[in-house]
Amino acid sequence: MLYKRSSALFAEAKNYIPGGVNSPVRAFNAVGGDPIFVKQAKGAYLYDEDGNKLIDYIASWGPMILGHAFQPVVNAVIEKTTLGTSFGMPTLIETEIAKLAVSMVPNVDKVRFVNSGTEACMSAVRLARGYTGKDKIIKFAGCYHGHSDSFLIQAGSGAVTFGSPNSPGVTQGTAKDTLLANYNDLKSVEDLIQANKNEIAAIIIEPVAGNMGCIVPQKGFLEGLRSLCDANNMLLIFDEVMTGFRLAQGGAQELLGIKADIVTFGKVIGGGLPVGAFAARNEIMEHLAPLGPVYQAGTLSGNPLAMAAGLTMLQYLNQHEEVFKSLADKTSYLHQGLEKAFEETNITYTINKLGSMISVHFTDEVYDFETSAKGNNETFKKFFHGMLNEGIYLPPSAFESWFLNDALTYEDLDKTIEAASKVVKTL
Ligand SMILES: *Cc1c(COP(=O)(O)O)cnc(C)c1O
């Protein structure tokens, strides 16, 4: 396939937009080459500026769980648009989506809507600090919670004591309040708690990690975090920006049977418009302004177009529980096909999967950031570009989960498996 026009458009974009993109992972830095400029999308397919049709496995990084331009969502947004696009005043639809979200998600009484997953996680941490009166948080290496300062932290040299900034512009002062633990490693969390007695407000985690490829929590890990939080007066924050309304109607909490104290959302909850949200029990949410002292606000929060898209999406998922089984079945089918294709070669690989999240790593075992980072990136690059050449659009980084959408047909999956068996022989 040719991507000539995309390359020309990228060159032009770079004149006016830093790196030519409005979010860095789109720039293909991890895989090399020029990004594809998309013109439109429908169902499981992307149509690019060169006239290529691609089978999509990123679904806008998660939101398009029912496929692109899902008609009920499109209609709802068009209809709302004619009635005025923003008021900065309360609207009925905000209560409707809040009521539905609260009914679908376990263990929460109230929800506040924001404009992105980043905002949701940033606000959840502030709320946890305000509620507990403590400053520090624990996050896990390789988990992504958006680009707010507190999360752009890596393990420092005194890893057990505090983290260090992993982006210029994040201060040491902020970094000292974020402690880094290892995914699937309870001992690393216990050590941090020991070394920071009565100073930790919350543990924030992706209950199924999707930002170092797909990594599934091992048996007992999340249960262990729940117990540690209970024993140490800390809140457990599940970042369900990826997993919420994707792994089940009630997200990872429901699928894995673990209760979090604060849950954050993004992606699917906005149906493809910019929406984030965070939710918790009344006793925690009561600390939020205007009820309580923890401040949080937004001019466009609860925007009617965004709420119309989100509400329509959630209503559909609420009425069609079979979507989650359908997605899991399709993902299993893809998994089996890929396993078979890879087994025929002597490539070292691991495929991780849960529900509609799946990822391929070119290493033998992946259960945390360190093992994920061992993946052979040169092999991934070749695999990515080989697949792209076959018309299959995978996330342009080995550190990202693939997201299946329910518009994918078994024929699409067969094409993908066929492409993979061809490409894997060239690696
Ligand atoms: C995408 C993502 C975020 C950030 O959401 P944005 O809407 O991009 O700000 C936070 N947490 C997780 C787990 C995510 O996947």
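Each ligand, and each atom within it, is numbered from 1 in the order the structure gives.
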**Asked** For ligand 1, does N211 get within less than 4.0 Å through its side chain, its backbone, both, or neither, judged by non-hydrogen atoms?
**Response**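 Side chain only; the backbone of N211 stays clear of ligand 1.
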**Prompt:** Under a 4.0 Å heavy-atom limit, does E206 contact ligand 1 with its side chain, its backbone, both, or neither?
**Reply:**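 Contact part for E206 vs ligand 1: side chain (C-beta onward).
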**Prompt:** At a 4.0 Å threshold, what atoms of ligand 1 neighbour a non-hydrogen atom of M242?
**Reply:** 15 (O)
**Request:** Output the list of atoms in ligand 1 that are nearer than 4.0 Å to some heavy atom of S116, sorted by atom number.
**Result:** 7 (O), 9 (O)
Under a 3.5 Å cutoff, is there a donor and acceptor pairing between the side chains of [X] and [Y]?
{"X": "N75", "Y": "E79", "value": "no"}
{"X": "N182", "Y": "S188", "value": "no"}
{"X": "E94", "Y": "T91", "value": "yes"}

**Message:** I want to know if ligand 1 touches Y144 in the polar sense, i.e. an N/O pair below 3.5 angstrom.
**Reply:**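 It does: an N or O of Y144 is found under 3.5 Å from an N or O of ligand 1.
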**Prompt:** With only distance considered, is G117 within less than 3.5 Å of ligand 1 through an N or O on each side?
**Reply:** yes
**Asked** Does E378 come within less than 4.0 Å of K381, counting only side-chain N to carboxylate O?
**Response** yes
Looking only at protein heavy atoms, which one is nearest to [atom], and how far off is it?
{"atom": "atom 11 (N) of ligand 1", "value": "D239 OD2, 2.6 Å"}
{"atom": "atom 3 (C) of ligand 1", "value": "V241 CG1, 3.7 Å"}
{"atom": "atom 9 (O) of ligand 1", "value": "T118 OG1, 2.6 Å"}
{"atom": "atom 1 (C) of ligand 1", "value": "K267 NZ, 1.6 Å"}

**Row check, Y47 ring normal vs K39 NZ/CZ: under 6.0 Å, within 45°** = no
**Request:** Could you pull out all residues at least two apart from K219 that satisfy side chain to side chain donor-acceptor pair (under 3.5 Å)?
**Result:**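 Per chain and number, K219 pairs via side chain to side chain donor-acceptor pair (under 3.5 Å) with no residue.
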**Request:** Could you walk me through whether F384 and F28 pass the ring-ring contact (aromatic ring centres under 6.0 Å, His included) test, one step at a time?
**Result:** CA-CA 10 Å; F384 171 84; F28 275 26; 5.2 Å; yes
